[in-house]
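Below, each value reflects all heavy atoms present in this structure, side chains not excepted, and no hydrogens, waters or symmetry copies. Atoms within a ligand are numbered from 1 in the order they appear, just like the ligands themselves.
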Amino acid sequence: MEIKFSKAEDKIREVAKEFAEKEAAPIAEEIDKEAKYPVETFKKMVSCGFTGIGVPVEYGGSGGDDITKCIVVEEIAKKCAATAGILSIHGIFGQCILNFGTEEQKKEYLPKVTNGGMHGAFALTEPNAGSDAGAAKTRAIKQGEDYIINGTKCFITGGAHADYTIVFALTDPSKGLKGLSAIIVPKDAPGFSIGKTEDKMGIRASETSELIFDNCRVPQKNLVGKEGLGFKIAMIMLDGARIGVAAQALGIAEGALDESIKYMHERVQFGAPIANLQGLQWYIAEMATKNECAKWMVYRAASLKAQGLPHSKEAAMAKLNASENARFVTNLALQIHGGYGYMKDYPLERMSRDAKITEIYEGTSEIHKVVIARAVLG
Ligand code: COS
């Protein structure tokens, strides 16, 4: 068994690293402070082809696979977790169409949401259906050639900016989660509006919004897959999305380690750089080891997915581990920075807040333990 990135993967890492340093790092503090969605940076990610990764060139995408996607998300997250999260979650729309859409839907939507500059979103969560995703109550009832959708989705990343959103709604409420279906809702659909945008602790720039469907009308041809397949589609998509969050968490932890190394060489106390202090050296050793472990779990899950092999358990394990590690490492990094780490002048305070969400979104750590335990126990 060989664990080695290909030359092409090394190259994309260089490109993503340069992008992160030149485009994501300079705006990270400002967009966090102002909770401002980075519209211009998103356009630049489109120009670099990042939004098209994982979608074949014949559908307007950039090609590449889950490993490529993780590399880009990881590198950007080292500098700005919100920008990395936007990229990662935006990609779910295209993956959903690619995996479950008709040929007509692939031709219509994929060129637009990959390298065409349009935004996609994925709306599953509802106020009373978070971890219990199957308890969703949004309905889509047939009327003539259309679906009429009623309900509210919440905590939707990039929802306010999305040109198209995949909405999970009950086409047959009597069947519970087996009556859920995936439907594409364009932003100009009659009866669709954006509700509250959340004021968050971290990844403040990724704009998390409520979506309201009040007799929202969309054509039945916007159904993705078959009626009743929505829950399975959502679960399969989440298995992939969790690898993206794990890559984001890994990037945050690596960014925190980088900041700590730099600071320990610069900061002088007791007449010498604090890098000389063995207590802090041990912190660095622990952080580096745990990051390495998180890294290989992330890329193992991505590699299984890229090969079309089962990856649900490995994705859950990678995300559980990488997110807990991101919290652990950002906390130690902040400690190394002492009082300065607690101040907004240094990025550790932001990184620590950003790390927390990775233990919550795309499934909480507790949900991942459920998924893992079910797989292990059989
Ligand atoms: N891939 C494919 N199918 C899956 C699946 C997966 N990863 N997970 C579940 N399913 C299928 C099951 O096989 C079952 O189908 P059958 O009845 O045909 O066998 C169906 O979906 C229902 O599964 P299950 O009984 O496990 O559903 P539960 O209600 O117990 O829910 C959890 C399972 C808790 C894992 C699920 O609700 C979940 O992941 N919740 C978290 C949601 C989440 O991550 N939200 C974050 C934000 S989303 S934007």
Next on the checklist: Considering non-hydrogen atoms of the protein only, which is the closest contact for atom 23 (O) of ligand 1, and what is the distance?
Outcome noted: F231 CE2, 3.8 Å
Next on the checklist: Using heavy-atom distances only, which candidate in H368, K153, R242 approaches atom 44 (O) of ligand 1 most closely?
Outcome noted: R242
Checklist entry - Contact between L177 and ligand 1, counting heavy atoms under 4.0 Å? => result yes
Item to check | Any non-hydrogen protein atom less than 4.0 Å away from atom 6 (C) of ligand 1 | outcome: yes
Checklist entry - Is the closest N or O pair between I236 and ligand 1 shorter than 3.5 Å? => result no
Item to check | Shortest heavy-atom approach to atom 9 (C) of ligand 1 - which of M235, K178, K313 | outcome: M235
Checklist entry - Do NZ/NE/NH1/NH2 and the carboxylate oxygens of K36 and E30 come within less than 4.0 Å? => result yes
Checklist entry - Hey, what's the ring geometry for Y346 with Y340, parallel, tilted or perpendicular (30° and 60° as the breaks)? => result tilted
Next on the checklist: Is the ring pair F192/F213 parallel, tilted or perpendicular, if the boundaries are 30 and 60 degrees?
Outcome noted: parallel
Next on the checklist: Please report whether atom 12 (C) of ligand 1 has a protein non-hydrogen atom at a separation of less than 4.0 Å.
Outcome noted: no
Checklist entry - Looking at ligand 1, does any of its N/O atoms fall within less than 3.5 Å of an N/O of R374? => result yes
Next on the checklist: Can a side-chain donor-acceptor contact be found between W296 and E292 if the only test is distance below 3.5 angstrom?
Outcome noted: yes
Checklist entry - For ligand 1, does V370 get within less than 4.0 Å through its side chain, its backbone, both, or neither, judged by non-hydrogen atoms? => result neither
Checklist entry - Under 3.5 Å, N or O to N or O, is K232 touching ligand 1 that way? => result yes
Next on the checklist: Can you confirm whether the side chains of S181 and T171 place a donor and an acceptor under 3.5 Å from each other?
Outcome noted: yes
Item to check | Basic-acidic side-chain contact under 4.0 Å: K305, D239 | outcome: no
Next on the checklist: Heavy-atom pairs closer than 4.0 Å: do any link ligand 1 to the side chain of S312, the backbone, both, or neither?
Outcome noted: side chain
Checklist entry - Quick check: does D239 get an N/O under 3.5 Å from an N/O on ligand 1? => result yes
